[in-house]
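Here is the naming used below: chain letters follow the sequence lines, and residue numbers restart at 1 for every chain. Quantities reported herein were computed from a predicted structural model and do not represent experimental measurements.
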Amino acid sequence: MITIFDELKQRGLIKDTSNEEEVRQLLSTPTTIYSGFDPSAISMHLGNFVQISILMRLQQAGHRIIAVVGGATGMIGDPSGKSKERNLLNQASLQANTNAIKKQLERYLDFSDPKKGIVVNNVDWLGKLSMIDYLRDYGKFFPINYMLAKDVVANRLESGLSYTEFSYMLLQSIDFLHLYQREGCQLQFGGSDQWGNLTSGLELIRKVGTSDKKAGVFSTPLITRNDGKKFGKTEDGALFLDASLTSPYAIYQYFYNVDDVTALNYLKVFSFDSLQILKDIETQHQANLGQRVAQKYLAAGIVKVLHGEAQLNEAKMMSEVLFTGQFKSLNESQLLSVLGGLKVNLPEGILLEDALIQTSAASSKREAREFIQGQSISINGETMNQLSYTLKKEQALFGKYVVLRRGKKLYVLIELQS
RNA sequence: GGAGGCUUAGCGAAGCGGCCAAACGCAGCUGACUGUAAAUCAGUUCCUUCGGGUUCGGUGGUUCGAAUCCACCAGCCUCCA
């Protein structure tokens with residue numbers, strides 16, 4: 001039986017460690033470990049999910065986990081990984097984001113028993129801190145030259161960095177110290193862009209030195225794609241965990257489309273199956289090149305964890321139907337369940353050109369015409385290259401639906417309104 | 001405080017009075033091939049009522065005509081103090 005630390009390492013989930021032996025030691029018996037999540041958007045995306053999944057693994061391995069939602073730090077803005085000063089979020093959207101993110105964390109992590117794990121909001125302690133206390137109790141431990149030497153700060157000296165963002169590091173450090181003292185939390189981890197913040201927290205704990213209990217941190221590598229594309233990005237932006245922002249089908253397709261090398265790496269990162277099972281998958285994949293064994297397994301695994309079995313089956317069915325072009329054989333409710341998530345209402349008699357723009361399948365008329373003339377558009381499975389074509393109920397499925405396809409992978413279901 | 005240079009489409013980078021809606025590379029999109037992959041090949045990438053309209057850091061000017069010349073402003077870079 002390998003330890004959770006080594007398992008994470010073998011899965012390629014650990015980049016840097018404050019002191020590898022020490023962290024391995026700490027994780028060899030049940031302990032408390034935390035990671036933070038910024039409420040900078042209404043939903044977390046697949047990049048955040050890597051962190052969440054590590055918490056899930058740690059929790060399954062018997063550790064107590066703490067998920068910190070950055071209600072306070074979110075008000076400041078983390079300069080890490082950013083080339084420009086961020087705009088501050090207003091209170092209302094910050095509050096909405098914080099709540100939404102808490103909900104999402106609760107979906108994947110077990111907070112039923114505080115012994116297993118808790119979610120906390122750092123505004124609970126940072127919010128109460130007075131300016132003077134902040135400067136006396138914490139600021140004193142941060143030499144300016146130490147802070148300036150951090151990559152995060154150094155990289156921004158040219159382009160500019162406000163005092164506000166400069167202070168971010170201290171706030172995250174205070175978080176760690178707080179959890180260390182109150183919750184006996186000795187470990188923190190975060191993305192590799194967080195390295196500066198992670199180590200400064202460690203530094204603070206060391207200096208304040210209220211107990212001799214060890215503390216450690218580790219960072220996770222940036223997950224990338226083998227073909228150089230950014231992880232978790234589609235043309236429309238990030239892949240979100242919220243099903244209403246990114247459909248389970250879109251997630252399924254995203255992973256299904258990944259190249260071979262990436263798929264095998266991602267399996268280690270995202271799958272909760274043992275490394276032994278993954279090894280078998282790899283063997284099967286290599287033996288049946290072209291079957292996309294790894295991609296299928298990967299996509300199914302992720303959608304199942306993210307959205308559950310029912311959503312997975314639907315995503316699979318949609319993929320099956322869409323890529324064999326059999327949607328004409330579906331009945332109305334099946335059609336809706338397959339494409340309902342992509343439905344748009346348009347008036348009957350609309351010009352195909354305009355329909356493409358209305359559905360965002362094309363960004364301008366010029367482009368719409370280019371697609372039509374380039375045989376890229378199909379209506380209910382038939383290629384349509386007439387510019388003058390209008391969408392009518394007579395040709396629609398069940399008297400009102402038109403399945404519009406652009407290229408190979410972009411589908412829209414249009415419901416005609418008279 | 002002084003001297004010089006730079007700023008072109010998503011990015012990189014040509015163009016230096018008309019032939020410029022602007023070469024080329026990357027990236028994106030579409031088609032062919034394929035494994036819903038990669039590689040490769042082809043097309044395409046400001047908007048349009050297809051007449052034209054709006055672009056080359058910003059604002060004014062010179063000119064029949066400006067991305068190209070001039071003035072001012074802003075940002076970035078190098079050197080001197």
Using Watson-Crick or G-U wobble geometry with both distances under 3.5 Å, which nucleotide pairs with [N]?
N: B/U78; result: B/A3
N: B/A13; result: none
N: B/A23; result: none
N: B/C29; result: B/G43
N: B/A67; result: none
N: B/C50; result: none
N: B/C72; result: B/G58

Decide if atom [atom1] of [X] counts as having more than 12 heavy atoms of other residues, nucleotides or ligands within a radius under 6.0 Å.
X: A/Ile132; atom1: CD1; result: no
X: A/Lys279; atom1: NZ; result: no
X: A/Lys316; atom1: NZ; result: no

Protein-nucleotides 30-33 of chain B N/O pairs closer than 3.5 Å?
from  : atom 1 : to       : atom 2 : distance (Å)
B/U30 : OP1    : A/Arg406 : NH2    : 3.0
B/U30 : O3'    : A/Ser376 : OG     : 3.2
B/U30 : O2'    : A/Ser376 : OG     : 2.3

Strictly distance-based, threshold 3.5 Å: is any side-chain N or O of [X] a donor or acceptor partner for the main-chain N or O of [Y]?
X: A/Asp110; Y: A/Ser112; result: yes
X: A/Glu353; Y: A/Lys365; result: no
X: A/Ser219; Y: A/Asp16; result: yes

Look at all strands and tell whether A/Gln253 reaches a base, only sugar-phosphate, or nothing, counting heavy atoms closer than 4.0 Å.
base

Give one of base, sugar-phosphate or nothing for A/Gln295, where a contact means two heavy atoms less than 4.0 Å apart.
base

Pick one for B/G25: is it syn, with its angle within 90° of 0, or anti?
anti

A/Arg366 side-chain N/O to B/U48 phosphate OP1/OP2 under 4.0 Å
no

Does A/Lys365 make a side-chain N or O approach to OP1 or OP2 of B/U49 shorter than 4.0 Å?
yes

Can you tell me how far [atom1] in [N] sits from the matching atom in [M], rounded to whole Å?
N: B/G4; M: B/A71; atom1: P; result: 12 Å
N: B/A3; M: B/A14; atom1: C1'; result: 28 Å
N: B/U68; M: B/C16; atom1: P; result: 12 Å
N: B/C70; M: B/C24; atom1: P; result: 29 Å
N: B/U7; M: B/A39; atom1: P; result: 33 Å
N: B/C20; M: B/G65; atom1: C1'; result: 13 Å
N: B/U62; M: B/G12; atom1: P; result: 34 Å
N: B/A67; M: B/U8; atom1: C1'; result: 7 Å

For [X] and [N], what is the distance between atoms [atom1] and [atom2] respectively, to the nearest whole Å?
X: A/Asp260; N: B/U34; atom1: CG; atom2: C1'; answer: 12 Å
X: A/Leu264; N: B/A38; atom1: CG; atom2: P; answer: 15 Å
X: A/Ile357; N: B/U48; atom1: CD1; atom2: P; answer: 6 Å
X: A/Gln286; N: B/A37; atom1: CD; atom2: P; answer: 18 Å
X: A/Asp354; N: B/C47; atom1: CG; atom2: C1'; answer: 15 Å
X: A/Asn257; N: B/C29; atom1: CG; atom2: C1'; answer: 15 Å
X: A/Arg292; N: B/U34; atom1: CZ; atom2: P; answer: 15 Å
X: A/Asp259; N: B/A37; atom1: CG; atom2: P; answer: 11 Å

Are A/Gln10 and A/Ile2 side-chain neighbours, meaning at least one heavy-atom pair lies under 4.5 Å?
yes

Using side-chain heavy atoms (C-beta onward) and a distance below 4.5 Å, is A/Ile379 in contact with A/Gln395?
no

Upstream residue (5' side of RNA chain B) when A/Gly290 and A/Arg369 are each assigned their closest nucleotide:
A/Gly290

If we check side chain to side chain contact (heavy atoms under 4.5 Å, CB included) with A/Phe255, which of these qualifies: A/Val303, A/Thr262, A/Leu46?
A/Leu46

For the pair A/Phe398 and A/Tyr401, name the ring-plane relationship: parallel under 30°, tilted 30 to 60°, perpendicular over 60°.
perpendicular

Contact list (N/O, under 3.5 angstrom) for nucleotides 54-56 of chain B vs protein:
none

Member of A/Asp260, A/Asn257, A/Asp259 meeting the side chain to side chain donor-acceptor pair (under 3.5 Å) criterion with A/Gln295:
A/Asp260

Can you confirm whether the side chains of A/Gln172 and A/Gln188 place a donor and an acceptor under 3.5 Å from each other?
yes

